[in-house]
There are 2 protein chains.
Amino acid sequence: MLWFVATAPEMEHTQRMPASNAPSTARERARVEITQEILDTARGHLAKDGAASLSLRAVARDLGMVSSAIYRYVPNRDSLLTMLIIEAYNSLGADVEKVGRTLRRDAYLERFLVTCHAVRGWALAHPQEYALIYGSPVPGYAAPTDTIGPASRVPTVLLTILIDMHRNDRPKKSMPVEPLVSTAIADIRKFSGGLLPDDLLLRGMAAWSGLFGAVSFELYGHLHNVVAEGPKHRKAYFDHQMRQVAAGLGLG
Amino acid sequence: MLWFVATAPEMEHTQRMPASNAPSTARERARVEITQEILDTARGHLAKDGAASLSLRAVARDLGMVSSAIYRYVPNRDSLLTMLIIEAYNSLGADVEKVGRTLRRDAYLERFLVTCHAVRGWALAHPQEYALIYGSPVPGYAAPTDTIGPASRVPTVLLTILIDMHRNDRPKKSMPVEPLVSTAIADIRKFSGGLLPDDLLLRGMAAWSGLFGAVSFELYGHLHNVVAEGPKHRKAYFDHQMRQVAAGLGLG
DNA sequence: AACAAACCAGAGCACTGCTCTTGCTTTGCC
DNA sequence: GGCAAAGCAAGAGCAGTGCTCTGGTTTGTT
C-alpha cells in the first residue's frame, strides 16, 4: 500500500520495454509496430484537431491503409482514445516525476512549485491531450481501470512531497475535520498509507484541485479579459497562485 | 465600470422579455417561437447525450421538420452550441445570484459558501451543460463576445462578496505581490473598479479557480477511488474544501 | 394584383464509425 | 513438406452526420 513512499517511483513504465516478452514471429512484430504507428499518427491528429474530430478513417488514410484495416489493430474509436489517454497520463506523469528528482528532498516548497509548473508546462505544450484527460469526458465514456494507474502518478508525486514534509517537521496547527468528511476520504487515506493526518490530506487535495483548476482555466480561455495574455504575465500569475496554494498547505 | 457593485445585480436578463420589441407579423412570431422550440429540444438532447453528439438532424426530426429547415433558424451547429452556452451561463448565474440574496450582506462566509454550493448544485443538476461551459472547449471554437457577459455573472458575485467584506473590515495581513503579477491582473482590477488590493484580488481568483477545480474534479470522475461516492460524503467533502478556500480568503 | 422575401421539402455531397464478405498470406502443428 | 487455422488487406455497404442547392409554396409589402 505504501509502494510509492520512496521519493519518486523508480518505474518508468512509459517506455515500451525493449527485449522482454519477445515478439517471436514476424507477424507479431509487425503487429506491435503497426499498432504503434497507428497510435503515433493518431496522437498527431489529436494534437492538431482535437479529440472530437479524431477520425479512424483519416488515420488509416495517413498510413496508406484502407479504413477497415484499422479494426484489426484497434477494436473501435473509443479504445483508441483510451490508449491515447493512458499515453497522455504517462507523458505528464513522467515529466512531473522527472523535474522532482532534480531537487533536494527537503526543499518542499520548491518541489511543489516545480511540480505545478511542470503540469502547466506540459498542458501548454499538449493542450489537446490535456483536454483529453482533464477536460470533460466524452459522453458515455467510462474510464477503464487501465487508466487509474497512470492517472495517479501526479497525485502520487504531490502526496509524496506532503509525506516527506510531514515526516520531518511535525507541528503545524491543524483545522478540525468533521467525522463525515473523515469517512469520505477513507480511500485516499488508505492509498497514502495512513501517513498523513486528515487535515493535511485534505489540504493536499485542495492543492491538487486548485492546481488543475488554475491550469484548466488558463487553457480553456477563462482568463480571457482577466489576466494579460502574454506568456510572461501568465506564468507570473500562475506562480503567484501556486505560492498561495502552497501557503495554504503550510509551505513557504 | 462599477456597475456591479450593488450587492446583487438587479437585472434579470435571463428571462425573455415579454412584450417589448413586439414581433408584429405572424411570421416573425412563428420565427421566434420555432427558434425557441429548437433551443428547447436541443437543450434536451444536450442534457441526455452530451454536446459532442448533439445532432441538428435529430433536433429537426423531433420537431417534425426536415433537416434542411433548421438552417432557416440557426446558421450552423456551432452557433446552436453558442446559444446553449449563453443559456447555460445565464441559468447558472441566475441560480447563484438568487441564493446570495437570501443572506445578510455582512454574512460573508455564508454568502461565499452558499455561492459555492449553488455552483456545485447546478453542475450536478446539469452536468452536460456544465461540461459545455467549463469543460474543454470544442476544437476550433472561439467564444464569441456574446458569452462574456453571461459568463461573468458568477465571478461578479464572488467579487461582490469580497468587496463588501473589504469595505467593512479593512485590516487582514496581505502577501506581497510582484510587479509583473500586478500588471498581469490589470484587466480584472479595472473590472472590479479598483476597489480591492491586488493581494485580495488574487486570493479571490484563487478561490474562483479552486471552486471550479473542485466541481470539475467531482463531475469528471477524478474523485473516483479518492472520495466516497455517496452524495452525503461528496457534499461534506466539498463543503470542507470550500471552507478551506474561504480561510485562504480571510473568511471564517 | 404583383413581387420579393421568407419558408418548406427533398435530393445530394462528402464525411464519419463500423460490419461483412472475399480472397490472400503467414503461422503452428502433424 | 503438407495443411488447416488464424491473421490479414481490400472493398462494398449501412446508417448516420453537417451542410448546400434547387424547386415550389406561403407570407408580407407595395
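As the structure is a computational prediction, the values presented were derived from the model and not from experiment. Letters A, B, ... are given to chains in the order of the sequence lines, protein chains preceding strands, and every chain is numbered from 1.
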Non-hydrogen side-chain atoms of B:I185 and A:Y237 separated by less than 4.5 Å: yes
By ring-ring contact (aromatic ring centres under 6.0 Å, His included) - contacts of B:F112 (at least two apart): none
Residue pair A:Y71 / A:N76: nearest heavy atoms and the distance that separates them: CE2-CA, 4.2 Å
DNA chain D stem ranges, 3 or more consecutive Watson-Crick or G-U pairs under 3.5 angstrom: C:1-30 with D:1-30
Shortest non-hydrogen contact from A:A52 toward A:R77: O-NH2, 3.1 Å
Can you give me every donor-acceptor pair (side chain of residues 215-224 of chain B, partner residue at least two apart or in another chain, under 3.5 Å) with its distance?
unit_1: B:S216; atom_1: OG; unit_2: B:Y130; atom_2: OH; d: 2.9
unit_1: B:S216; atom_1: OG; unit_2: B:F212; atom_2: O; d: 2.9
unit_1: B:E218; atom_1: OE1; unit_2: B:R120; atom_2: NE; d: 2.9
unit_1: B:E218; atom_1: OE2; unit_2: B:R120; atom_2: NE; d: 3.4
unit_1: B:E218; atom_1: OE2; unit_2: B:R120; atom_2: NH2; d: 2.9
unit_1: B:Y220; atom_1: OH; unit_2: B:G135; atom_2: N; d: 3.4
unit_1: B:H222; atom_1: NE2; unit_2: A:I133; atom_2: O; d: 3.3
unit_1: B:H224; atom_1: ND1; unit_2: B:E229; atom_2: OE2; d: 2.7

Nearest-angstrom distance from the residue atom CZ of A:R31 to P of D:dG7: 8 Å
Separation of atom CD in A:E28 from atom C1' in D:dG7, rounded to whole Å: 11 Å
From CA spacing to verdict: salt bridge (Lys or Arg N to Asp or Glu O under 4.0 Å), B:R43, B:D40: CA-CA 5 Å; B:R43 200 181 322 110; B:D40 288 346; 2.9 Å; yes
Return a table of donor-acceptor pairs under 3.5 angstrom between the side chains of residues 54-65 of chain B and protein atoms on other chains or two or more places apart.
unit_1: B:S55; atom_1: OG; unit_2: B:R57; atom_2: N; d: 3.2
unit_1: B:S55; atom_1: OG; unit_2: B:A58; atom_2: N; d: 2.9
unit_1: B:D62; atom_1: OD2; unit_2: B:H45; atom_2: NE2; d: 2.9

Outermost DNA chain C nucleotides near chain A [under 4.0 Å, heavy atoms]: C:dT16 to C:dG28
Sequence-aligned protein contact record of nucleotides 17-23 of chain D, with B where the base is within under 4.0 Å of a protein heavy atom and S where only the sugar-phosphate is: BBBB---
Modelled atom types, side-chain donor and acceptor of B:H233 and A:T183, under 3.5 Å: yes
From A:L159 atom CG to A:W208 atom CH2, the distance as rounded to the nearest 0.5 Å: 9.5 Å
Closest non-hydrogen atom pair between A:D187 and B:V226, with its separation: CB-O, 3.7 Å
